[in-house]
Amino acid sequence: MMKLFNTIRETRDFAGSLRENGLKIGFVPTMGALHEGHLSLVRKAASENDAVLVSIFVNPIQFNNPEDLKKYPRNLEQDLRLLEPEGCTAVFAPEVSEMYAGEVQKQFDFGPLALVMEGAFRPGHFNGVAVVVDKLFNIALPHRAYFGEKDYQQLQIIKELARMEHPGIEIVACPISREPDGLARSSRNERLTAEMRKAAPYIHLVLEEAINLAGNHTAEEITKFVTYKFESHPLLRLEYFSIANGETLQPVNGKTAPGDRAFIAVFAGEIRLIDNIRLI
Ligand code: AMP
């Protein structure tokens, strides 16, 4: 039977007892409203570890937009039903008051990694992510933690966090899970209007076109092309498009190299969607 914990103490005690018994713990942090993308992480964690802990916590301090936080989809009952058959051992689903009981929050410095793209357009976002993941690592006590390439910049930030604060935890990157029409799966997709849902696969389509151009066009030319593709689109509004190094995430000038990626953020009405793809 899958366990459900609401407190830090019972979750840490449980994780501690798993460790004492020599079991390897795989950990999957989420904000709930689970979909196939999340479940693919849980399955990978289950295949590589003896026990899987999943956290479900909509972390208020990583939201820079209060409306986005208020309207973020929440459905714990359904999440638990989805997790049970996937090999999840225990779920940690705390209240905000349990996670933030008044202590001063850490300030992390991730350098240039956190200054571009999501870091530039969502001030404070990555510090909020790092604060909660740092806490969750101290509660779930994992050997391995699983993160999706859907949030590629977040994945790089977490790798840096692990290097600095949790060198014993292996960070495992998981590929982007997409809908059949190419749209990257996201809890926020639930909030798209029917019209915007129909339009949204255009984002992935344009990224695929960027791959095709990468062979004989510079980063600047590809960026110009993508900008034009969105200027001429009636519904979707481009926030940024960037071709960046897959590790440092710093923008590429001129010709692209193996490992470079294209990153994009787009507004579909009120809903902000992100995606990324490896160029070659
Ligand atoms: P979230 O609940 O959006 O915070 O996501 C929790 C974890 O699931 C993060 O590591 C995400 O990168 C990952 N994730 C979310 N959507 C996808 C997806 N479509 N494919 C792969 N991983 C995903």
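First listed ligand is number 1; within each ligand, the first listed atom is number 1.
- Counting all heavy atoms, side chain and backbone alike, Ile264 lies closest to Ile203 at CG2-CG2, 3.7 Å.
- Among protein heavy atoms, atom 4 (O) of ligand 1 sits closest to Met31 CG, 3.5 Å.
- Less than 4.0 angstrom separates some heavy atom of Thr30 from each of these atoms of ligand 1: 2 (O), 6 (C).
- Asn138 places no side-chain N or O within donor-acceptor distance of the main-chain N or O of Val133, the cut-off being under 3.5 Å.
- His35 CE1, 4.0 Å is the protein heavy atom nearest to atom 15 (C) of ligand 1.
- Each of the atoms 10 (O) of ligand 1 lies under 4.0 Å from some heavy atom of Phe147.
- Residue Ser40 has no nitrogen or oxygen atom sitting less than 3.5 Å from a nitrogen or oxygen atom of ligand 1, judged on distance alone.
- In terms of protein heavy-atom proximity, atom 5 (O) of ligand 1 is nearest to His38 NE2, 3.4 Å.
- Distances shorter than 4.0 angstrom occur between a heavy atom of Pro175 and an atom of ligand 1.
- Put simply, the side chain of Ser55 never gets that close to the backbone of Phe92: no donor and acceptor are under 3.5 Å apart.
- The shortest non-hydrogen separation linking Lys106 to Asp134 is NZ-OD2, 2.8 Å.
- Without hydrogens or angle criteria, Asn49 side chain to Ala51 main chain gives no donor-acceptor distance under 3.5 Å.
- The Ile176 neighbourhood of ligand 1 comprises atoms 20 (N), 21 (C), with distances under 4.0 Å to a heavy atom of that residue.
- Results of the salt bridge (charged side-chain N to carboxylate O under 4.0 Å, His left out) test with Glu270 over Arg237, Arg188, Arg191 single out Arg191 as the only residue that passes.
- Note: no N/O pair closer than 3.5 Å links Ser187 and ligand 1 by distance alone.
- By the 4.0 Å heavy-atom criterion, Pro29 is counted among the residues contacting ligand 1.
- Among all non-hydrogen protein atoms, the one lying nearest atom 20 (N) of ligand 1 is Ser177 N, 2.8 Å.
- Here the heavy atom of the protein found nearest to atom 22 (N) of ligand 1 is Gly148 CA, 3.4 Å.
- Among the atoms of Ala184, none of the N or O lies under 3.5 angstrom from an N or O of ligand 1.
- Of all protein heavy atoms, the one closest to atom 12 (O) of ligand 1 is Asp151 OD2, 2.7 Å.
- The backbone N or O of His204 lies less than 3.5 Å from no partner atom in the side chain of Glu208, so there is not a single donor-acceptor pair.
- When atom types are taken as modelled, the side chain of Glu149 and the backbone of Ala173 share no donor-acceptor pair closer than 3.5 angstrom.
- Side-chain N or O atoms of Glu239 include none that pairs as donor or acceptor with a backbone N or O of Phe267 at under 3.5 Å.
- Applying the 4.0 Å criterion to heavy atoms of Leu41 picks out, from ligand 1, the atoms 7 (C), 8 (O), 10 (O), 13 (C), 22 (N).
- No donor-acceptor pair closer than 3.5 Å links the side chain of Asn75 to the backbone N or O of Ala33.
- Across Lys150, Glu149, Arg185, Gln154, heavy-atom proximity to atom 9 (C) of ligand 1 is greatest for Gln154.
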